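Working notes, beginning with the structure itself.
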Amino acid sequence: MLIAVFALLGVLECSGLFEDVGALLSRFAKKERSTEATIVLSVGILSMVTGVISVAIVALGDLINEIGEKAGVNRYRRANLMDCTGCVFCFLAPWTVHCVIPAQQSAQFGESFAVAPASVPFMNYYSICMLVMLVVAVVTGYGRNYL
């Protein structure tokens with residue numbers, strides 16, 4: 001599946017879609033905080049749509065690098081924001097494999113153990129705590145480095 005997705009990303013890149021997306025993201029990314037919020041939202045949306053963290057990071061990596069450099073966001077900060085965002089949103093979207101498989105596996109133990117995929121994200125405390133930390137880091141600037 002990933003090989004097919006990366007082939008599709010190559011087609012989208014040749015079509016010029018990434019330039020259009022980059023122009024759109026650049027309109028929102030003016031200062032550091034807005035750039036960080038743009039990084040979080042763009043990677044979060046794409047990781048929720050695809051259900052695969054690596055696809056979102058690889059697809060948007062060059063665009064995020066470009067807008068992050070323009071706004072002065074440290075490269076390590078950009079990488080951390082992309083990685084944390086991918087993990088948070090991909091594991092909290094109830095239609096991804098990360099929620100569907102645990103729900104299916106719990107049903108094997110009987111009706112009383114069955115869990116709906118939509119309830120799995122609410123029990124994923126690690127991703128919920130990471131989402132809170134991600135929001136705090138972007139809003140307050142905690143961990144922002146000017147090296």
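This structure is a prediction, so every number in the text was calculated from the model and none was measured. Side chains included, hydrogens not; waters and symmetry mates left out as well; all remaining heavy atoms used.
We find the OG-CG distance between Ser119 and Asn124 to be 11.5 Å, quoted to the nearest 0.5 Å. From Ile67, atom CD1 reaches atom CZ of Arg78 across 9.5 Å, with rounding to the nearest 0.5 Å. Annotation: the span from Thr35 atom OG1 to Glu69 atom CD amounts to 12.0 Å, rounded to 0.5 Å. Distance check: Lys70 NZ to Lys30 NZ gives 9.0 Å after rounding to the nearest 0.5 Å. Residue Leu60 holds its CG atom at 5.0 Å from CD1 of Ile64, rounded to the nearest 0.5 Å.
Contact check on Arg77 versus Glu32 returns no salt bridge, with no Lys/Arg side-chain nitrogen under 4.0 Å from an Asp/Glu carboxylate oxygen.
The salt bridge (charged side-chain N to carboxylate O under 4.0 Å, His left out) pairs that include a residue from residues 9-23 number zero, where partners must be two or more places apart or lie in different chains.
Taking hydrophobic clusters as Ile, Leu, Val, Met, Phe, Trp and Tyr residues chained together by side-chain heavy-atom distances below 4.5 Å, Leu134 shares a cluster with Phe91. Both Leu8 and Leu63 belong to a common hydrophobic cluster when Ile, Leu, Val, Met, Phe, Trp and Tyr are linked at side-chain heavy-atom distances under 4.5 angstrom. A single hydrophobic cluster is seen to contain both Leu92 and Tyr126, as judged by linkage of ILVMFWY side chains at heavy-atom distances under 4.5 Å, directly or through other members. A continuous path of ILVMFWY side-chain contacts below 4.5 Å connects Val135 to Val40, so both sit in one hydrophobic cluster. Under the 4.5 Å side-chain heavy-atom criterion for grouping Ile, Leu, Val, Met, Phe, Trp and Tyr, Leu81 is not connected to Tyr76 through any hydrophobic cluster.
With Ser106 contributing its side chain and Ala103 its backbone, the two residues share a donor-acceptor pair below 3.5 Å.
Ser127 is not listed as a side-chain neighbour of Pro121, based on a closest heavy-atom distance of 4.5 Å or more.
Closest non-hydrogen pair, Phe89 versus Leu131, comes out as CZ-CD1, 4.0 Å. Heavy-atom minimum distance, Cys99 versus Pro94: CB-O, 3.7 Å.
Annotation: side-chain hydrogen bond (donor to acceptor under 3.5 Å, both in side chains) contacts of Thr96 (sequence neighbours excluded): none.
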Return all side-chain donor-acceptor pairs below 3.5 angstrom for residues 41-55, not counting sequence neighbours, or 'none' if the list is empty.
from, atom 1, to, atom 2, distance (Å)
Ser42, OG, Thr38, O, 2.8
Ser42, OG, Ile39, O, 3.2
Ser47, OG, Val43, O, 3.1
Ser47, OG, Gly44, O, 3.1
Thr50, OG1, Leu46, O, 2.9
Thr50, OG1, Val52, N, 3.3
Thr50, OG1, Val52, O, 3.2

